[in-house]
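Owing to the predicted nature of the structure, the values given are computational and were not obtained by experimental measurement. By convention in this document, chain letters (A, B, ...) are assigned in the order of the sequence lines, proteins followed by strands, and residues within each chain are numbered from 1.
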Amino acid sequence: RKEVEQDPGPFNVPEGATVAFNCTYSNSASQSFFWYRQDCRKEPKLLMSVYSSGNEDGRFTAQLNRASQYISLLIRDSKLSDSATYLCVVNLPSSNTGKLIFGQGTTLQVKP
Amino acid sequence: DGGITQSPKYLFRKEGQNVTLSCEQNLNHDAMYWYRQDPGQGLRLIYYSQIVNDFQKGDIAEGYSVSREKKESFPLTVTSAQKNPTAFYLCASRERTSPLHFGNGTRLTVT
């Protein structure tokens, strides 16, 4: 089993739709969690950190479910500009302090 | 402006040659990382360093080497032992458990 897994998609949705991505992780002691956005042939950029209580930033909501070992990203009212690949990142526990593992990414295409 | 600078943006080499990718940061971050990305794939960790003069192998360290002689610099050498070196290489840094900051990346093509 991979340490961090995402459904690669692509998710094709119309403008205005709500879309959700999940990311599962294998190590129950994992610490920090993040969502990044990556545009084609560019470096990843931080979208948001994921906090235990869940957090929201405008149209984006991130949640952590430690019991089931997954994090989620919800995008409401999708825009054409949301089309990108979304990467989840997991910080492994203190025995591997500093080691961050990326999922393979989920591709989102928002259509007019 | 604080940030991470990778150079060059594009690099072409002949098979059998070693090549060194530069990564410099002025964010005063302790930890620095090298990732490799292949088309349609996620990022895979090559090496990381949490402090000067110390570094650890990531998941795909074979055929690569690094050094961390200065806090702001973490160069990556792709050796001739790396079987499939053509890829997009990303350098990143961070402070403690904060998110990663990435450089713009270097696209290496080996023919």
Which heavy-atom pair separates Pro99(B) from Phe34(A) by the least distance, and what is that distance? CG-CE2, 3.4 Å
According to salt bridge (Lys or Arg N to Asp or Glu O under 4.0 Å), does anything in residues 43-53 of chain B pair up with another residue at least two apart or in another chain? List the pairs. Asp38(B)-Arg44(B)
Check step by step if side chain to side chain contact (heavy atoms under 4.5 Å, CB included) holds for Leu87(A) and Leu43(B). CA-CA 9 Å; Leu87(A) 303 164; Leu43(B) 278 68; 4.1 Å; yes
Taking Leu90(B) as the starting point, is it possible to reach Leu11(B) by hopping between hydrophobic residues whose side chains are less than 4.5 Å apart? no
Return yes if a side-chain donor-acceptor contact under 3.5 Å exists between Gln37(B) and Gln38(A), otherwise no. yes
Report the option among Pro44(A), Ser32(A), Gly105(A), Ser49(A) that has the most heavy-atom pairs separated by less than 4.5 Å from atoms of chain B. Pro44(A)
Under the criterion side chain to side chain contact (heavy atoms under 4.5 Å, CB included), I'd like the reasoning laid out for Leu100(A) against Leu100(B): C-alpha separation, chi angles, the key distance, then a yes or no. CA-CA 9 Å; Leu100(A) 288 137; Leu100(B) 287 169; 3.7 Å; yes
In the single-linkage hydrophobic clustering (I, L, V, M, F, W, Y; side-chain heavy atoms under 4.5 Å), do Ile101(A) and Tyr47(B) co-cluster? no
Set out, in order, the CA-CA distance, both residues' side-chain angles and the distance that settles side chain to side chain contact (heavy atoms under 4.5 Å, CB included) for Arg41(A) and Arg107(B), then state yes or no. CA-CA 9 Å; Arg41(A) 300 179 70 79; Arg107(B) 291 197 179 275; 3.1 Å; yes
Is Val66(B) linked to Val52(B) within one hydrophobic cluster, defined over Ile, Leu, Val, Met, Phe, Trp and Tyr using a side-chain heavy-atom separation of less than 4.5 Å? no
So with a 6.0 Å cut-off around NZ of Lys45(A), is the heavy-atom count from everything else above 12? no
Applying ring-ring contact (aromatic ring centres under 6.0 Å, His included), which residue pairs with at least one partner in residues 64-91 of chain A are found, sequence neighbours left out? Phe21(A)-Tyr86(A)
Just do the side chain to side chain contact (heavy atoms under 4.5 Å, CB included) check on Leu46(A) and Phe102(B) with the steps written out, would you? CA-CA 9 Å; Leu46(A) 178 68; Phe102(B) 281 92; over 6 Å; no
Answer with side chain, backbone, both or neither: which region of Ser49(B) has an atom nearer than 4.5 Å to a non-hydrogen atom of chain A? neither
Quick check on Glu56(A): does its CD atom have over 12 non-hydrogen neighbours (other residues, nucleotides or ligands) under 6.0 Å away? yes
Is Tyr35(B) reaching over with its side chain to a backbone N or O of Phe102(A), donor-acceptor style, under 3.5 angstrom? no
